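What follows is a set of notes on a single structure, which appears directly below.
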Amino acid sequence: GGIFGTTAIEGARCAPGSDELPSLGSAEHASGGCKPCAFLHTKGCQTGFMCKFCHLCGPEVRKQRRKEKREKMEQDREARIARRSQRAAAGA
């Protein structure tokens, strides 16, 4: 466990700053709990290993997660509207 502990992928200790753990934020990559670094694939991340964001995620991951989040928010909004309509119909 922990940032410098065993990873789910290798089952071995990862050295900080290594290919397996290029940033602090990369520690949760294997479990999907990481947040992609917005700068790594554009202008480059100036924070390096101390970055709180994942340096293992590809450039498409951030865009895909944003799209999924928008879709979920829209579904939640539609569900809330449907519940309100049902309550209004039941009370009418």
Side-chain angles (χ1 to χ4, degrees):
I3 291 175
F4 304 112
T6 304
T7 66
I9 298 173
E10 292 86 16
R13 293 183 70 77
C14 293
S18 67
D19 288 344
E20 294 85 18
L21 189 63
S23 67
L24 291 174
S26 300
E28 299 297 322
H29 182 78
S31 68
C34 61
K35 293 182 180 181
C37 180
F39 302 108
L40 183 67
H41 300 290
T42 56
K43 65 180 185 178
C45 180
Q46 301 297 310
T47 312
F49 172 71
M50 296 303 293
C51 183
K52 297 184 288 184
F53 298 94
C54 186
H55 287 191
L56 292 172
C57 288
E60 72 289 345
V61 174
R62 188 166 168 260
K63 183 177 181 180
Q64 179 63 33
R65 288 191 185 172
R66 198 172 350 155
K67 179 182 175 188
E68 291 169 359
K69 183 178 178 181
R70 265 197 312 267
E71 289 171 353
K72 183 177 180 342
M73 288 174 61
E74 181 63 25
Q75 290 171 355
D76 291 349
R77 182 178 158 280
E78 289 172 0
R80 280 194 311 274
I81 291 169
R83 283 194 303 270
R84 284 187 202 129
S85 296
Q86 289 172 350
R87 282 196 300 261

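No experiment lies behind these values; they were computed from the predicted model shown. Computed from heavy atoms alone, side chains included, the values below leave out hydrogens, waters and symmetry copies.
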(request) Taking all heavy atoms of C37 and all of C51, pick out the closest pair and write down the distance. (result) SG-SG, 4.0 Å
(request) Using the side chain to side chain donor-acceptor pair (under 3.5 Å) rule, collect all pairs that involve residues 37-53, keeping only residues at least two apart or in two chains. (result) none
(message) Checking E74 now: which residues fulfil side-chain contact (heavy atoms from CB on, under 4.5 Å) with it, not counting sequence neighbours?
(response) R77, E78
(message) Using the rule that Ile, Leu, Val, Met, Phe, Trp and Tyr join whenever any side-chain heavy atoms are under 4.5 Å apart, tell me whether F49 and F39 fall into a single cluster.
(response) no
(request) Under the salt bridge (Lys or Arg N to Asp or Glu O under 4.0 Å) rule, collect the residues that match up with K72, sequence neighbours excluded. (result) D76
Solution key, residues 56-65 side-chain donor-acceptor pairs under 3.5 Å, sequence neighbours excluded:
from : atom 1 : to  : atom 2 : distance (Å)
Q64  : NE2    : E68 : OE2    : 3.0
R65  : NH1    : C34 : O      : 2.5

(message) For a quick test of reading the model, state the closest non-hydrogen atom pair linking G48 to C45 and the distance between them.
(response) N-SG, 3.8 Å
(message) If hydrophobic clusters are built from ILVMFWY residues whose side chains come within less than 4.5 Å, do L24 and L21 share one?
(response) yes
